[in-house]
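One structure is given below, encoded as structure tokens.
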Amino acid sequence: MIEVLNAVNDALWGYVIIAALVGGGFWFTWRTRFVQFRMVGEMLRLLTDSAGRPEGHERHISSFQAFAVSLASRVGTGNLAGVATAIAVGGPGAVFWMWVMALVGSATAFVESTLAQLFKRRHSESFIGGPAYYIEHGLHRHWMAVLFAVLITVTFGLANNSVQTNTICGAMEGAFGWNPKVVGLVLMVVTLGVVFGGIQRIARVSSVLVPVMAVGYFLLAVVIIVMNIEHLPHVLKVIVDSAFGLEQAVGGTVGAAIMNGVKRGLFSNEAGEGSAPNAAATAAVSHPVKQGLIQALGVFTDTLVVCSCTAFIILISGVYSHPELDGIMLTQVALESEVGAWGPVFVAVAILLFAYSSMIGNYYYGEANVRFMTSSAKALTVYRILSGGAMVMFGALASLETVWSIIDLCMALLTACNLVAIFSLGKYAFRLLDDYRQQKRQGIASPTFHRHQLPELEDDIECWE
């Protein structure tokens, strides 16, 4: 079964998804006039924008909370175990291609999150939206919207959570010798307690966990890099040589570097996958572009900062050449070689925070799409039990290869569906960005949008009066 899954994954990633992601990223970068580079300052300013929670919307999610929920999903096992797996399978050159995916993929993230804001709907606790909603109300293809809703519910609410749990259990077993079954049971109980609290509780937990874990891990990586600063030029040379070198090209490892860099980059930063727009849609902002810019910043934060931290730790240590090491174990051994016996313990705690925050963020993506498919409270309850209970235990018991093979296939199908939608609807994101830039040039500090500005969509847009 695993061999079949791997063969299908190689075919999809090798010939379809990589070309669409990279090509789409460059296209969106060109059409937005390099928004991810030109508007970094605006992205940072918007994170603390007080207009994120306007009067009369006290129960709505702020820009920062929506950013935290999406970053909670992004910053997880992909940053520690995923980077390690990419290096182990594709070599150091995979890191270069992860960077490329982040730089061009942030433009894709801008487009999909702006569209999510444009077509969002009102909900009792917050706004709600995402690709299923912009496919339904923008493309008017109900079957495709339902297909996406099913795919993202399976990918994030179910399969992705098994990967997070598997990595947590592996880290805890390696650091403390804890039984994966016991760890899985504890995670299941705690996760069910959070997911039954809804998006408000998820947003509160994420807004606390995400900054703490990201800053702590980043500071440790900086300390290790500074301690080994003389090795940094060699590490960068190894990354570039492995990505383009003649020896690697002859040996066929450049293709492996590209494929694994793109796959693990997507698993980590999720740009183009259609996941982060579900969180982006919840924010109460005055213009759709605001959340698009913030989510583009999330891609940079995830890959260029957190993933790079893991890559540098592993490459500085030199242990990546050991074939018996893979996944979270490689990261733990690399850190142990640099800081001593407490390294695996730190990684275990870090992966607990990283992966657990991803689990609750992933759960919400599924919930938003279950609500799109049905208003049945029973269906939502069943989903919560499957996501926070059954799949958590499955991840604790399944093998590393099994959970990664499943998630790779799910990601490929999900990404293909979302890319078709944003290629078709991207023109509206471009028009919104032009409007936003024009208002900023006029001296308007906080641009606003009203649905009459897109008269051909006025009947399809529920918010933005």
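A quick note: this is a predicted structure, and the numbers were derived from the prediction, not measured.
- For the residue pair Tyr134/Asn418, the side-chain donor-acceptor check at 3.5 Å is satisfied.
- Taking each heavy atom of Ala271 and Gly105 in turn, the nearest pair found is CB-O, 3.2 Å.
- In this structure the side chain of Met98 never reaches within 4.5 angstrom of the side chain of Met101, judged on heavy atoms.
- Atoms CG and CG, from Leu454 and Asp460 in turn, are 10.5 Å apart once rounded to the nearest 0.5 Å.
- Residues Pro288 and Lys120 have side chains not in contact (no heavy-atom distance under 4.5 Å, counting atoms from C-beta outward).
- Under the 4.0 Å criterion applied to side-chain N and carboxylate O atoms, Arg451 and Glu462 are not assigned as salt-bridge partners.
- Taking 4.5 Å as the limit, some side-chain heavy atom of Phe28 sits within range of a side-chain heavy atom of Phe423.
- The two residues Gln453 and Thr448 come nearest to each other via the heavy atoms OE1-O, 4.0 Å.
- Using cut-offs of 30° and 60° for the angle between ring planes, the Trp30 and Phe34 rings count as perpendicular.
- Under the 4.0 Å criterion applied to side-chain N and carboxylate O atoms, Glu456 and Arg431 are assigned as salt-bridge partners.
- Val35 pairs with exactly one of Met39, Arg38, Arg33 by the side chain to side chain contact (heavy atoms under 4.5 Å, CB included) rule, that one being Met39.
- Separation of the Phe110 and Phe430 ring centroids does not fall under the 6.0 Å cut-off.
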Is there a side chain to side chain contact (heavy atoms under 4.5 Å, CB included) between Gln36 and Val299 once you walk through the steps?
CA-CA 10 Å; Gln36 69 269 45; Val299 174; over 6 Å; no
Intermediate values then yes/no, side chain to side chain contact (heavy atoms under 4.5 Å, CB included), Leu293 and Leu297
CA-CA 6 Å; Leu293 292 172; Leu297 180 64; over 6 Å; no
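- A tilted orientation is assigned to the rings of Phe372 and His142, their planes being inclined by 30° to 60°.
- Between the CG atom of Leu457 and the CG atom of Leu118 there is a distance of 6.5 Å, given to the nearest 0.5 Å.
- Looking at Thr153 and Asn369, their side chains never bring a donor and an acceptor atom within 3.5 Å of each other.
- Here the straight-line distance linking atom NE2 of His287 with atom CD of Gln439 works out to 5.0 Å at 0.5 Å rounding.
- The distance from atom OG1 of Thr165 to atom CG of Leu187, rounded to the nearest 0.5 Å, is 5.5 Å.
- Atom-to-atom distance recorded for Ile135:CD1 and Met144:CE is 4.5 Å, nearest 0.5 angstrom.
- Looking only at distances, a side-chain donor or acceptor of Ser286 sits under 3.5 Å from a matching main-chain atom of Pro447.
- The main-chain N or O of Asn278 is never found under 3.5 Å from a side-chain atom of Tyr133 such that the two would form a donor-acceptor pair.
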Residues Ser387, Glu367; criterion side chain to side chain contact (heavy atoms under 4.5 Å, CB included); working and verdict:
CA-CA 10 Å; Ser387 178; Glu367 177 184 306; over 6 Å; no
Give the intermediate values and the outcome of side chain to side chain contact (heavy atoms under 4.5 Å, CB included) for residues Met373 and Tyr383.
CA-CA 12 Å; Met373 291 183 285; Tyr383 165 69; over 6 Å; no
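- A donor and an acceptor atom, one from each side chain of Gln164 and Asn160, are located under 3.5 Å apart.
- The minimum heavy-atom distance between Ala445 and Arg45, with the atom names listed, is O-NH2, 3.3 Å.
- Taking the centre of each ring, Phe449 and Tyr436 stay at or above the 6.0 Å mark.
- Annotation: the span from Leu304 atom CG to Leu103 atom CG amounts to 5.5 Å, rounded to 0.5 Å.
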